[in-house]
Structures are given as C-alpha cells and as structure tokens.
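Input: a single structure, listed below in structure tokens.
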Amino acid sequence: MEQTTQQPARKKRILSCIQPSGIPTLGNYLGALKNWKTLADDFDGAFAVADLHAITVRQDPAKFRQQITSVLALLLAIGLDPEKSILFIQSHVPAHSQLAWVLNCYTQFGEMSRMTQFKDKSQSHADNVNVGLFAYPVLMAADILLYQADLVPVGADQKQHLEIARDIAQRFNTLYSPTFTVPEPYIGKQGARVMSLQDPMKKMSKSDPNPKSFISVFDAPEVIVKKIRSAVTDSEGAVRYADGKDGINNLMGIYSCCTGLDYAQIEAEFQGKGYGDFKAAVAEAVVEELRPVRERYERYVNDKAYLRDVAAQGAERASRIADRTLQKVMKKVGFVLP
Ligand code: AQP
C-alpha cells in the first residue's frame, strides 16, 4: 500500500524589533516585550535589536554600544530562547540596508510625507530632520519583507508603517512576480499603551529627556517608587477611570497589566482611599512585575562571551533567510549577480 507522508504545517513567521535608542521602558515591556515570549511559542519568531533605526536620532557612540548589548541581554531575560527563535542585531545582517535602498526606489515621496511619525519626530528633533528619519518606514518594510514574515505585531503607532510595507510588497510583486509575502498585522492580546508619568497625553518613551517621565525596566525598586509617587494626577482624589483623568487612567492601566485586575475591581479596591495608597500599590506591583526580568538580565548582561555567541548565531541564521530574499529581488530588478 502506498504511504503518504504528511508534512507538518509550517508555523507562521512573525517578526518584531525594538530600537536600542535608550534603556527600554515599562511601556516597551507591557506594550510589546511581555508578549514576545508567548509569540515565540506560537510562531516561528525572529526578534531584532533595530540599531539601524535608532541612528535616525543622534546617539552617543559609547552609550549606544552599551544599549545594543543591553537590549540583546533583555531579549534573553524576557525568556526568548536563541535556539528556538532567531535573535539578532539588525546591522549584523547587511541585507537590511541593501534591500532598504532598493525599496527606496519603489516608494513614492508623497507616500512617505504622509507618515505621522515622521511629522511628530521632525517636530521633536527639529535640529536633525535627516533623510533616514524620513525613509524609516522603508527600512522597516525591508526588515519585514526580507524574512517573508506572515505577521507583524503592531501597536496603533506602527499601523501606518505596516500599511506602507504591504503596499511596497504588493507593488513589487505586481511589477515583477510574487517575491514577498504580504504581511498581516498581528493583533494579539491587547498590549497596554503606557503614557508618560509627567505628561499622560504623551506615550512613555525611552528617549524622553525627562527621566521622571518613564520607568526603565532596570530601575531599582526605590527609583520606581519615587517616579510613581511623583506621577501627575488630578485634584479629585478618587481612583476611577474617566475622561479627563489621564494620569489616573494611565496608572490604572499599568496596575491592571501588572495584577490582571480590571478597572471595576481596581476602583473597588481603592474606594475611599487616596492617591497616596493607590500610587504605593502601583509601585509595588511594578517592582514585582519587573523584578524577575531585572534579575535574569543581570546574569546575561555580564556574560559578554555568551552574548557574542548569541549575536553571531542569530546573524548567521537571519542572513540565511534574508540573503535568499535579497538575491531574488536583485535578480528580478536586473542586477548582475556577483
Ligand atoms: N508607551 C508605550 N506603550 C506601549 N507600547 C509601547 N512601545 C513603545 N512605547 C510604548 C512598543 O514597544 C515596541 C518597541 O518600540 P521601539 O523601541 O521599536 O520604538 P518606539 O515605539 O519608538 O519606542 P520608544 O520607547 O518611544 O522609543 P523612542 O523614544 O526611541 O522613540 C513597539 O512595539 C512599540 O509599539
């Protein structure tokens, strides 16, 4: 009797990146990193330290070098397994810059001009509105398309960029022949959008010049307590989720992410209590949430040899996939291959 061998279904590939533009914040952690371990279990995951993206804003070389290593150690500390997922540093895979150049020539100036992140960042970095900042979404498209990623986790702020990556992929596929997988957004378990502790209308950002506005994932417990104690609230004094109470809403969101309680349960817990008690509880929950990450991070960050091995192995695995895609692209465009 003839036997049919059933191939196991290929897991979908998911790609996610984080910029080493500072020390990652509680926002990066609750909004993205915390979910990456689950994604790595469910999908074929590739996770990158997006150092090329980070130089769209001026970086101090010595600090930048440290931040890159630090973010790689953090990927290990959140539980990603380098044997299972591909963990790599973007600049170690030259195909990212090469494909980005090619894709620049398949992207219209008008499309890029509509990107809201460019408009925002060119206001906040008015002294350095560089071409890299403008072309950032094209590099992001190259990141995604090189790996033929099926899925990309996106927060609200990155939706427009994923749309552009899809448009570029479709355009190229139509002009030549199917080359790129057209990526879909991955809308996972609602990741929190954490806001600045000093200006809760603005998102918490690792490059914010005011360190009181963010909690870094490596802040010591006493620093976390101090920063939450000085978080902006309002004069009402009641812990409830409502329009116009951005500071309290933000702290409730953080508390909810760390404890799993919903807003009604939080309101019940703090009924009749003041903001002092509430802030102390939020601080304690954040300290406990970040404690295991910080402890594991300390172990990895000091093991330079291991980090070098992880980066080298990751770059090799990533390059194998990325180079295959780049070769296809170069051939279709008409370059003479070496
Ligand atoms: N405040 C936030 N709340 C929830 N999620 C957030 N992310 C960033 N800030 C928040 C998510 O973290 C992932 C990695 O982000 P990134 O480093 O690639 O870039 P970013 O969004 O520009 O992060 P920052 O901290 O604001 O960096 P800078 O200050 O350099 O611009 C992404 O999934 C992002 O959505």
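The structure displayed is predicted, hence computed values, not measured ones. Indexing begins at 1, ligand by ligand and atom by atom, following the structure's order.
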Check each atom of ligand 1 against the heavy atoms of [X] and keep those under 4.0 Å away; list them by number with element.
X	answer
Ala32	12 (O), 13 (C), 33 (O)
Met204	1 (N), 2 (C), 9 (N)
Ser205	24 (P), 25 (O), 26 (O), 29 (O)

Do Lys227 and Phe214 form a cation-pi contact, if we require the NZ or CZ to be under 6.0 Å from the six-membered ring centre and within 45 degrees of the ring's axis?
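Yes, cation above the ring, under 6.0 Å and within 45°.
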Please say whether [X] places an N or O atom under 3.5 Å from an N or O atom belonging to ligand 1.
X	result
Gln19	yes
Ser207	yes
Gly31	no

Could you point out which residue of Tyr263, Tyr275, Tyr255 forms a ring-ring contact (aromatic ring centres under 6.0 Å, His included) with Phe270?
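Answer after filtering Tyr263, Tyr275, Tyr255: Tyr255.
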Ignoring hydrogens, just give me the one of [options] whose non-hydrogen atom is nearest [atom].
atom	options	answer
atom 14 (C) of ligand 1	Asn35, Val71, Asn28	Asn28
atom 30 (O) of ligand 1	Ala48, Ser16, Ser21	Ser21
atom 9 (N) of ligand 1	Lys203, Lys206, Gln59, Lys202	Lys203

Would you please say whether a donor-acceptor pair under 3.5 Å links the side chains of [X] and [Y]?
X	Y	result
Ser213	Gln198	no
Lys206	Ser216	no
Tyr297	Ser70	yes

Backbone, side chain, both or neither: what part of Lys121 comes under 4.0 angstrom of ligand 1, heavy atoms only?
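For Lys121, the contact with ligand 1 is made by the side chain alone.
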Could you establish whether Val194 and ligand 1 come within less than 4.0 Å of each other, counting only heavy atoms on the residue side?
yes
Under 6.0 Å between ring centres: does that hold for Phe88 and Phe47?
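Centroid distance Phe88-Phe47: not below 6.0 Å, so no.
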Report all side-chain donor-acceptor pairs from residues 114-122 shorter than 3.5 Å, counting only partners two or more places apart or in another chain.
{"unit_1": "Thr116", "atom_1": "OG1", "unit_2": "Gln160", "atom_2": "OE1", "d": "3.2"}
{"unit_1": "Ser122", "atom_1": "OG", "unit_2": "Phe118", "atom_2": "O", "d": "2.6"}
{"unit_1": "Ser122", "atom_1": "OG", "unit_2": "Lys119", "atom_2": "O", "d": "3.2"}

